[in-house]
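Computation of the quantities below employed the complete heavy-atom set of this structure, encompassing side-chain atoms and omitting hydrogens, waters and symmetry-equivalent molecules.
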Protein chains: 2
Amino acid sequence: MTLSEEDYIKAIYHLGKNENTTVSTNAIADRMDTKPSSVSDMVRKLSEKGIVNYRKYKGVSLTGTGIKTALALVRKHRLWEVFLVDKLNFSWDEVHEVAEQLEHIKSEKLVDGLDKYLGHPEVDPHGDPIPSKKGEFKKSIKKLLNEVPIGTKGVCVGVKDSSPPFLKFLDKKQISLGDTILVLDKEEFDASLHIKIKGKGIHISNQIAANLYLKITE
Amino acid sequence: MTLSEEDYIKAIYHLGKNENTTVSTNAIADRMDTKPSSVSDMVRKLSEKGIVNYRKYKGVSLTGTGIKTALALVRKHRLWEVFLVDKLNFSWDEVHEVAEQLEHIKSEKLVDGLDKYLGHPEVDPHGDPIPSKKGEFKKSIKKLLNEVPIGTKGVCVGVKDSSPPFLKFLDKKQISLGDTILVLDKEEFDASLHIKIKGKGIHISNQIAANLYLKITE
DNA sequence: ATTAAATTTTAGACAAAGCTAAAAATTTGT
DNA sequence: ACAAATTTTTAGCTTTGTCTAAAATTTAAT
């Protein structure tokens, strides 16, 4: 399996999102920053290898083998992201490019060792789930913080209101993208929230919560 | 800098060992398990890029830039080896192949972070010195354990007598390749040694010491 | 439903890195 | 010193992955 083949497999996997969705040549070319003609060539090759299902002009989808390969790559990518953030103090937004390289390293022992060393994490720093060795993983969805039930745990992945005052407020409260948030309790009176973030509990208004996106795995 | 170029640079560096020694085409081909004709091609390319000095039929040597590149690769390789052994419990002899892949990952922040995370190690699990970020490092030499002065610290890298009884003895004493050994004291009477290994002090005869190779950085 | 627009595939080239076989240069043996 | 042996380079071909331009197919629009 070459570098390039692996990149195509990942692209097809991410574009196919939900299931065995069939993906268009142009979509792949766009995502990979290459030309449709190159995609045609590679897709034919992957098809001959039994990694994708392909009918000319009709789009492409991953076979069982293809999905397994894709999940192994995603697993590696996300484990490395956890490593970079947890152990080497990379920040949320610096990890992707490096993980993109690291995911191509071939060594089963390395991946297993890393997984164990990191304590078998279930999500990466962006809140996306990490497939198990067998390829199992939970789906994750994005919701506004004020819409989730008590007890929900997730990663803060975005803001709805991106005005400077709001961002400044978040900064003051020490809430940053990538932080894990646990919803402890809700006030009935004003729908304000008690949450746990960075190890300590804080109290935020419903209005704040209504502008924070949480990625949760269910 | 492509993967392949980096591999050639490392090969030339290791063959040139001591200094700006000029290296032969055949030697490179042998070490890299490729053909001399391929080496000729690549060497011409590296020469055009200012990474090696090259005169047809006269051999090749690294330029200043070339040496800097080589040292950066060696640094990465050895840091990863330390990571694999110290953090992921790889054994002495499993690390090379994986480090060979990891050394090609491009990210200054990653290398610096790894170095710091590992506590700025000075030698890899084989006892070979790790170049600093600036490319400085101590030479290392191999000596028999009974020939080094008190206070010497090194890594056990080999045996002179490889007979089963001796190896069995080492096993019983829990002395393995890759262990760091510190010479604590020498008995004048029988030249036996007190050494520290795996955190605890033990006592070994001169005869044993005379059959253990230590790699020390001076 | 037939043409126009968009998408996809093919054909032909190119660069990187390798190989084989043959030519050129260097080294060695006598 | 000169022929033989060795080493190194060149020439030409292959594979992988890419590109451009042109052809084929599908989709959309009137």
Side-chain angles (χ1 to χ4, degrees), chain A residues 1-16 20-63 66 69-70 73 100-101 103-106, chain B residues 1-16 20-63 66 69-70 73 100-101 103-106:
Chain A
M1 191 81 56
T2 69
L3 271 204
S4 201
E5 284 172 355
E6 291 190 344
D7 286 338
Y8 274 94
I9 292 167
K10 258 192 56 177
I12 295 167
Y13 174 78
H14 282 122
L15 289 168
N20 308 27
T21 326
T22 146
V23 174
S24 85
T25 301
N26 269 8
I28 300 171
D30 267 18
R31 178 175 238 269
M32 298 196 56
D33 220 17
T34 184
K35 303 293 167 186
S37 55
S38 309
V39 175
S40 280
D41 286 347
M42 181 57 90
V43 150
R44 192 173 31 67
K45 188 165 74 159
L46 291 176
S47 167
E48 280 160 12
K49 289 196 174 187
I51 291 165
V52 301
N53 304 115
Y54 172 54
R55 277 172 41 233
K56 279 188 197 173
Y57 295 102
K58 296 298 183 188
V60 67
S61 65
L62 291 172
T63 63
T69 310
L73 286 166
E100 205 70 13
Q101 296 180 61
E103 75 189 1
H104 294 294
I105 304 291
K106 285 164 185 57
Chain B
M1 191 80 57
T2 69
L3 272 203
S4 199
E5 284 172 355
E6 291 190 344
D7 286 338
Y8 274 95
I9 292 167
K10 259 192 56 177
I12 296 167
Y13 175 79
H14 282 121
L15 289 168
N20 308 29
T21 326
T22 147
V23 174
S24 85
T25 301
N26 268 9
I28 300 171
D30 266 18
R31 178 175 237 269
M32 298 196 56
D33 220 16
T34 185
K35 303 292 167 189
S37 54
S38 309
V39 176
S40 280
D41 286 347
M42 181 56 91
V43 149
R44 191 174 29 68
K45 188 166 72 159
L46 290 176
S47 167
E48 280 160 12
K49 289 197 175 187
I51 290 166
V52 300
N53 304 114
Y54 172 54
R55 277 173 40 236
K56 278 186 196 175
Y57 295 101
K58 296 299 182 187
V60 67
S61 66
L62 291 171
T63 63
T69 309
L73 287 166
E100 204 70 12
Q101 296 180 62
E103 74 189 1
H104 293 294
I105 304 292
K106 284 166 185 55

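- Between the CD atom of E6(A) and the P atom of dT16(D) there is a distance of 16 Å, given to the nearest Å.
- Identified under the salt bridge (charged side-chain N to carboxylate O under 4.0 Å, His left out) test for residues 47-63 of chain B, with sequence neighbours left out: E5(B)-K49(B), R44(B)-E48(B).
- Contact check, T2(B) against dA16(C): no side-chain N or O comes under 4.0 Å of OP1 or OP2.
- Counting only residues at least two apart or in different chains, side chain to side chain donor-acceptor pair (under 3.5 Å) contacts with residues 31-43 of chain B are absent.
- L73(A) contributes atom CG, which lies 7.0 Å from atom NZ of K10(A) (distance to the nearest 0.5 angstrom).
- Residues passing the side-chain contact (heavy atoms from CB on, under 4.5 Å) test with Q101(B) are I105(A), K106(A), sequence neighbours excluded.
- For dT8(D), the OP1/OP2 oxygens have a side-chain nitrogen or oxygen of N26(B) closer than 4.0 Å.
- The CG-P distance, from L3(B) to dT16(D), rounds to 17 Å in whole Å.
- By the side-chain contact (heavy atoms from CB on, under 4.5 Å) test, N53(A) is found to be paired with S61(A), T63(A), residues two or more places apart in sequence or in another chain being considered.
- Annotation: proximity of residues 33-40 of chain A to DNA chain C (heavy atom, distance under 4.0 Å) is found for P36(A), S37(A), S40(A), numbered in ascending order.
- Separation of atoms CD1 (I9(A)) and CG (L62(A)) is listed at 7.5 Å; rounding is to 0.5 Å.
- In this structure, Y8(A) does not reach the dT16(D) phosphate: none of its side-chain N or O atoms is under 4.0 Å from OP1 or OP2.
- Residue I28(A) contributes atom CD1, which lies 13 Å from atom C1' of dT7(C) at whole-angstrom precision.
- Taking a 4.0 Å limit (strictly below) on heavy-atom distances, residues 47-61 of chain B reaches DNA chain D at Y54(B), K56(B), Y57(B).
- As a whole-Å value, the separation of D41(A) CG from dT8(C) C1' is 12 Å.
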